[in-house]
K.L.:
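The structure that follows is given in the form of structure tokens.
Throughout, a chain's letter reflects where its sequence line sits, starting with A, and its residues are numbered from 1.
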Amino acid sequence: MTNTITTYIEKEILNSPDTQLTDQDDLLGSGLVDSMGLMRIIAFIEEEFGIAVPPTDMVIEHFMNIEAISNYVLKRQTIDG
Amino acid sequence: MNFSWPKEYTDYRERVIEFAKKELNDDALIQRDHEGIFARDLWDKCGKFGIQGLGAPTRYGGSHEEVDILRAAYAMEGLGYGCKDVGLTIALNAHIWAVQMSITLFGTEEQKQKYLPKMASGEWIGAHALSEETSGSDVFNMKMTAEKVDGGYILNGEKRLVTLAPIADVAVAFANANPKVGKWGVTAFIVDKTMQGFECQPVQHKMGLRTVPLGRIKFNNCFVPEENRLGKEGAGFSISNHSLEYDRCCILAGKLGAMARQLDEAVAYAKSRQQYGQPIGNFQAVSHRIADMKLRLETSRLMLYKMAWLKKNDKPAMLEAAMLKLHLSEAYVASSLDAIRVHGGNGYLTDFGVERGLRDAVGGIIYAGTSDIQRNIIAKFLGL
């Protein structure tokens with residue numbers, strides 16, 4: 001899952017396949033991912049992992065880095081069944 | 001694929017059109033537009049009919065069991081068709097979708113109980129306080145702060161270009177509660193007129209939409225209790241984004257209705273106005289212009305219905321919202337100019353009521369994300 005998310009962000013959001021993100025790289029605070037990028041990431045994880053991200057969950061703690069996104073997806077998969 | 005609407009929806013839309021034609025079109029509109037006067041009496045009539053109630057479930061004073069964006073968009077199209085006061089329809093939609101719906105979607109039970117019934121009835125008027133002097137298109141780069149204190153937050157800052165600000169009883173206001181994380185610290189608060197330091201400023205005059213007041217709101221050491229924070233800290237982006245998608249859908253639905261009315265009026269005029277011994281609609285220079293108006297109307301309509309369907313089904317709609325906002329608002333400007341051309345000299349006269357359409361339309365390519373910002377969003381979604 002983490003690799004899938006990382007690849008998507010590097011290729012589709014950053015448009016830079018040569019970039020190598022770590023799980024801890026600050027995506028939002030650093031400005032690497034802007035608000036539109038976040039919306040695209042949310043659309044991607046919803047489709048890819050079969051979850052629904054409620055609007056109330058769109059906060060920095062869930063999307064600040066790849067590790068946080070992966071943990072959030074796992075949590076939603078448990079909730080959504 | 002099914003392009004038909006359920007009878008329940010079409011019946012409701014017809015009732016809205018009938019109500020709007022009968023109750024909302026008075027002889028004072030041209031004067032109100034000239035002087036920039038908001039028709040509170042018409043607002044109250046809408047409240048009694050249940051228009052404001054479209055943005056809340058019945059248990060919080062709404063007009064239907066649950067909020068249904070498809071029904072609401074279709075009804076708003078009817079309202080825009082029947083009501084010639086476009087400023088009033090903008091005011092209603094700004095209140096319902098940007099403010100009321102934010103509370104419906106993100107509010108606590110206590111917040112819903114406290115605010116929604118008064119807003120759904122029209123008794124209280126709500127404003128969405130987001131833009132600032134130095135943050136327009138870059139809206140989340142705001143200066144307004146929310147300092148955490150014992151029991152709540154202290155808000156300091158000033159919002160501008162706020163629809164309904166001069167007469168607002170309550171506002172959903174956005175401030176940064178954690179500037180260290182930039183825009184991700186933006187948080188929403190429900191602020192009402194009972195709170196000290198919440199100051200609504202006088203009307204600012206503008207080119208069009210003069211019947212809906214626009215102005216500034218100052219927050220001067222305004223203490224907002226913790227229970228009035230809307231959503232989590234840092235949820236400002238999500239709240240704004242979601243409510244704006246509803247807002248765009250229904251504000252644009254009102255404009256779609258206005259475009260349909262504009263088209264009907266242009267066709268009627270082209271059939272009745274005689275030049276060179278025949279109706280001007282016989283001349284292709286006129287009829288082709290009206291054909292273009294029809295094309296803009298129908299393409300806008302398809303995009304709007306799709307957008308409403310996506311929202312109704314909880315599907316992502318940021319791209320579709322951007323495309324709809326761009327297309328429909330630009331189409332409304334183009335068709336409004338065409339309507340003036342069809343009406344010739346009469347179209348240029350204020351008393352004829354056609355030129356007001358163009359002035360009212362122009363705001364749409366600026367507010368709630370300019371046309372160029374919509375193009376940016378579309379391009380981003382294409383990976384550019």
Side-chain angles (χ1 to χ4, degrees), chain A residues 5-19 21 24-69 71-73 75-76 79-81, chain B residues 101-108 137-142 176-188 229-246 310-311 313-322 369 373-384:
Chain A
I5 296 169
T6 305
T7 303
Y8 176 77
I9 295 174
E10 286 173 350
K11 285 189 177 171
E12 301 297 331
I13 303 296
L14 305 183
N15 198 20
S16 171
D18 295 335
T19 301
L21 289 171
Q24 300 291 333
D25 279 341
D26 180 2
L27 301 175
L28 302 181
S30 66
L32 270 175
V33 174
D34 63 12
S35 48
M36 283 182 268
L38 175 61
M39 296 306 293
R40 293 176 67 202
I41 291 171
I42 289 169
F44 173 74
I45 61 173
E46 284 186 327
E47 187 171 332
E48 184 73 20
F49 303 114
I51 60 168
V53 179
T56 46
D57 280 0
M58 292 180 198
V59 288
I60 190 169
E61 66 200 69
H62 296 141
F63 297 96
M64 62 201 301
N65 55 39
I66 290 167
E67 184 182 36
I69 298 171
N71 290 338
Y72 175 72
V73 171
K75 185 179 138 194
R76 282 308 319 177
I79 294 169
D80 294 347
Chain B
M101 195 64 186
S102 296
I103 298 173
T104 298
L105 285 174
F106 293 89
T108 63
S137 291
D138 186 14
V139 75
F140 291 104
N141 189 20
M142 61 182 60
N176 202 322
N178 185 6
K180 279 188 288 189
V181 294
K183 73 177 76 169
W184 308 106
V186 172
T187 304
R229 190 187 69 222
L230 186 59
K232 298 174 185 170
E233 256 192 35
F237 164 72
S238 180
I239 291 172
S240 176
N241 187 50
H242 276 79
S243 62
L244 274 177
E245 284 180 6
Y246 282 97
L310 287 169
K311 290 302 290 178
N313 289 284
D314 290 326
K315 292 180 183 295
M318 197 175 187
L319 173 61
E320 286 76 10
I373 288 293
Q374 307 310 324
R375 290 186 178 95
N376 285 352
I377 295 171
I378 297 163
K380 277 267 186 185
F381 269 86
L382 293 172
L384 301 173

K.L.:
Grab the two heavy atoms, one from B:Ser238 and one from A:Pro55, that are nearest each other, plus how far apart they are.
P.N.:
OG-O, 2.6 Å

K.L.:
Is the shortest heavy-atom distance from the side chain of A:Leu38 to the side chain of B:Trp184 under 4.5 Å?
P.N.:
yes

K.L.:
What pairs with B:Asn178 under side-chain hydrogen bond (donor to acceptor under 3.5 Å, both in side chains), at least two apart in sequence or on another chain?
P.N.:
none

K.L.:
Who wins among A:Ser30, A:Ala52, A:Gly37, A:Ser35 for the most heavy-atom pairs under 4.5 Å with chain B?
P.N.:
A:Ser35

K.L.:
Against chain A, label B:Asp314 side chain, backbone, both or neither, depending on which of its atoms sit under 4.5 Å from a heavy atom there.
P.N.:
neither

K.L.:
Who are the side chain to side chain contact (heavy atoms under 4.5 Å, CB included) partners of A:Pro54, not counting sequence neighbours?
P.N.:
A:Thr56, A:Asp57, A:Tyr72, A:Arg76

K.L.:
Please classify the contact of A:Ile13 with chain B as side chain, backbone, both or neither, using a heavy-atom distance under 4.5 Å.
P.N.:
neither

K.L.:
What residues, two or more places apart in sequence or in another chain, satisfy side-chain hydrogen bond (donor to acceptor under 3.5 Å, both in side chains) together with B:Glu245?
P.N.:
B:Lys311

K.L.:
Among A:Glu61, A:Glu12, A:Met58, A:Lys11, which has the most heavy-atom pairs under 4.5 Å with chain B?
P.N.:
A:Met58

K.L.:
With respect to chain A, which residue among B:His242, B:Lys183, B:Lys180, B:Glu233 yields the maximal number of heavy-atom pairs within a distance under 4.5 Å?
P.N.:
B:His242

K.L.:
For A:Asp34, is it the side chain, the backbone, both, or neither that has a heavy atom closer than 4.5 Å to a heavy atom of chain B?
P.N.:
both

K.L.:
What is the distance from atom CG of B:Asn241 to atom CE of A:Met36, rounded to the nearest 0.5 Å?
P.N.:
10.5 Å

K.L.:
Heavy atoms under 4.5 Å from chain A: which residues of residues 375-384 of chain B carry them?
P.N.:
B:Asn376, B:Ile377, B:Lys380, B:Phe381, B:Gly383

